[in-house]
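Throughout, a chain's letter reflects where its sequence line sits, starting with A, and its residues are numbered from 1.
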2 protein chains.
Amino acid sequence: MPSAERGESMKETFRRLEAGRQEEILKAAMREFAENGYDKASTNRIVRDAGMSKGMLYYYFENKEDLFRDCIGYALDHMEQSLESWIGTEREGFIERMARIAEAKRRYFREHPEISGFSAVILLSPNVPPSFRERLGTLMEEGKRKMFDGLDLSRFRGDLPPETLMRLVQWTFDGYAREAEEQMKAEGVNFGDLDRYWDEFGVYLDAMKTIYYRGDGS
Amino acid sequence: MPSAERGESMKETFRRLEAGRQEEILKAAMREFAENGYDKASTNRIVRDAGMSKGMLYYYFENKEDLFRDCIGYALDHMEQSLESWIGTEREGFIERMARIAEAKRRYFREHPEISGFSAVILLSPNVPPSFRERLGTLMEEGKRKMFDGLDLSRFRGDLPPETLMRLVQWTFDGYAREAEEQMKAEGVNFGDLDRYWDEFGVYLDAMKTIYYRGDGS
DNA sequence: TGGCAATTGACCACCCTGGTCAATACCAGT
DNA sequence: ACTGGTATTGACCAGGGTGGTCAATTGCCA
């Protein structure tokens, strides 16, 4: 695999920095980009949030766009690396698979909120180099493949095509995630509530199994 | 009902304007507010989009916040008025009810995209007068009431509580709407595609009825 | 013609933008 | 103690956008 070395394209001045400090800076930038998009993101706010002077930013990066590109590279590296450990592609029903993915997403969001928020911006922004677009494309394909690989479709009720049922299940999970997200945004952003919210979902998980799977062991 | 007269609080100069022109101006403003939020919305862009000079804006409105408030008032008036004609509360199953609501939402979104987009901003913005917040609150309560009034819950399968099933159905619809929205945003914003997307949903509607309703006429 | 309403856009002070740079502070090697 | 390179600062720049003002003009009707 000819994957690029981590931080290959960054300026030496930035690479010389302690890894932890690098992350802090990139996180501050990703937060700003996620909140305001590329154009409206302010380098001044970034330096303030990262606790450094204006000069340092342009000592570490050529310009705003260079910083943006480094953020994308960092986010992609991290997501690619994480995807592998996400889902062991075990033989299981689709609902169980979706539940495991939802849990993995939740954990990733809590542990890496900056990357989670920033990843949405990458797609929308016009100034993303094609190479990054490609990497993101394959990343998403890989994700979808892992989502459907090695599923036990025989658990589904037999009177409707599994493809139809899977889309319905997926929409249900998405709709639930959307509601949880809104709830979290409306009240404080305490991550503990997210967990409680997820716990409550157990009831609905069971209901879905009753509804979508066959009742007997045939 | 001591509901306020339409346009009661607006400046006379603006009220003297032809109704159609009033709408054009408010729509331009709502578009800008929806896209950028209150703070980052630009009065310059609004006047350009509305095809008028800077001076006129401040001839019609006291200041930016006044304009914002008038937008909210207009949007609330319109939504309150529309809600009544939305759903005739007929005796029907929950899935049919949700399908009708989704269709009504879709039509409203196509015919009044500015209000649809702007309504989301109202909740988030800090400078919304409490009276408006209250009106929005009752509006949403009314909406929820109409959503569940006069339902025929006996169509649901009997082995799970209807409340559980209803939430699952709601999430499914939300998830689907979310996917359609994203699809529309990713490609061009041609509203025709939205309709085609909805037509395809017929298959899934039938599937949901098979899954959530009782099979026989018992 | 006068008088009032409608309309314009140049103009204001202010703030923020991305980016620069001369001036330092730091520190290892000699 | 001196040197030389690296790290770091923040004042500063021109440019552009901000919400808002206002003297001047136009249009219209009595």
Side-chain angles (χ1 to χ4, degrees), chain A residues 7 10-26 28-72 118 121 125-129, chain B residues 7 10-26 28-72 118 121 125-129:
Chain A
M10 294 170 181
K11 269 175 93 173
E12 350 142 44
T13 50
F14 185 65
R15 238 177 313 162
R16 269 200 290 269
L17 227 51
E18 180 200 4
R21 183 65 184 138
Q22 283 187 28
E23 280 189 8
E24 278 179 24
I25 292 169
L26 290 178
M30 287 192 287
R31 252 178 275 132
E32 176 69 15
F33 284 129
E35 205 163 324
N36 303 91
Y38 177 78
D39 285 323
K40 292 173 192 165
S42 157
T43 52
N44 293 316
R45 276 194 295 262
I46 292 174
V47 290
R48 199 196 311 139
D49 286 12
M52 61 178 169
S53 69
K54 194 70 177 293
M56 285 316 288
L57 185 65
Y58 289 87
Y59 182 60
Y60 293 145
F61 308 93
E62 296 291 344
N63 50 39
K64 190 182 179 182
E65 198 175 335
D66 184 38
L67 167 62
F68 186 63
R69 267 183 273 116
D70 283 351
C71 285
I72 299 178
F118 180 68
V121 176
S125 182
N127 33 4
V128 176
Chain B
M10 293 168 181
K11 268 177 93 173
E12 349 142 44
T13 51
F14 185 65
R15 236 178 313 163
R16 270 201 288 271
L17 228 50
E18 180 199 3
R21 184 66 183 137
Q22 283 188 30
E23 282 189 7
E24 279 180 24
I25 293 168
L26 290 179
M30 286 192 289
R31 250 177 276 134
E32 177 69 15
F33 283 128
E35 206 162 322
N36 303 93
Y38 177 80
D39 285 323
K40 292 172 193 164
S42 157
T43 52
N44 294 317
R45 276 193 295 262
I46 292 174
V47 287
R48 199 196 311 137
D49 285 12
M52 62 179 171
S53 69
K54 195 70 176 293
M56 285 316 289
L57 186 66
Y58 288 87
Y59 182 57
Y60 293 145
F61 308 93
E62 296 290 346
N63 50 40
K64 190 183 179 181
E65 198 175 335
D66 184 37
L67 167 63
F68 186 62
R69 270 184 271 114
D70 283 352
C71 284
I72 300 177
F118 180 67
V121 175
S125 181
N127 32 5
V128 176

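The residues Glu35(A) and Arg31(A) are annotated as not salt-bridged, no charged nitrogen and carboxylate oxygen being separated by less than 4.0 angstrom. Salt bridge Glu24(A)/Arg21(A): present, at least one basic N to carboxylate O contact under 4.0 Å.
Note that CD1 of Ile25(B) and CZ of Phe14(B) are 5.0 Å apart. Values are rounded to the nearest 0.5 Å. If you take CG on Leu57(A) and CE on Met52(A), they are separated by 4.5 Å, rounding to the nearest 0.5 Å. Here the CZ atom belonging to Phe61(B) is positioned 8.0 Å from the OG1 atom belonging to Thr13(B), to the nearest 0.5 angstrom.
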Under 4.0 Å protein heavy-atom contact, by nucleotide of nucleotides 22-30 of chain D - B base, S sugar-phosphate only: B--------
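Across the protein-nucleic acid pair, Leu17(B) atom CG and dA5(C) atom P stand 15 Å apart, rounded to whole Å. Atom CG of Leu57(A) and atom C1' of dA11(D) are 17 Å apart (whole Å). Distance CD1 (Ile46(B)) to P (dG17(D)): 16 Å, rounded to an integer number of Å. In this structure, the CD1 atom of Ile25(B) is 12 Å from the P atom of dA6(C), given to the nearest Å. In this structure, Asn44(B) places its CG atom 6 Å from P of dG19(D), rounding to the nearest Å. One atom, CZ of Arg16(B), and another, C1' of dA5(C), lie 7 Å apart when rounded to the nearest Å. Nucleotide dA6(C) holds its P atom 14 Å from the CD atom of Glu18(B), rounded to whole Å. In this structure, Arg48(A) places its CZ atom 11 Å from C1' of dC16(C), rounding to the nearest Å.
Within residues 28-43 of chain B, no residue has any heavy atom under 4.0 Å from DNA chain C.
Listed for the Gln22(B) side chain is a donor-acceptor partner under 3.5 Å among the backbone atoms of Leu17(B). Of the possible polar contacts, one joining the Glu32(B) side chain to the Ser42(B) backbone as a donor-acceptor pair under 3.5 Å is found. When atom types are taken as modelled, the side chain of Lys11(A) and the backbone of Glu62(A) share no donor-acceptor pair closer than 3.5 angstrom.
Judged by a 6.0 Å distance limit and a 45° cone about the ring axis, Lys64(B) is positioned over the six-membered ring of Tyr38(B).
For Arg45(B) and dG17(D), the shortest distance from a side-chain N or O to OP1 or OP2 is not below 4.0 Å.
Backbone-only engagement by Tyr60(A) is indicated by non-hydrogen atom pairs under 4.0 Å involving sugar-phosphate atoms exclusively.
Here dG19(C) is the nucleotide among dG19(C), dT8(D), dT8(C) with the atom lying nearest to any side-chain atom of Asn63(A). Of the candidate nucleotides dT17(C), dG20(D), dT18(D), dG20(D) has the atom nearest to the side chain of Lys64(B).
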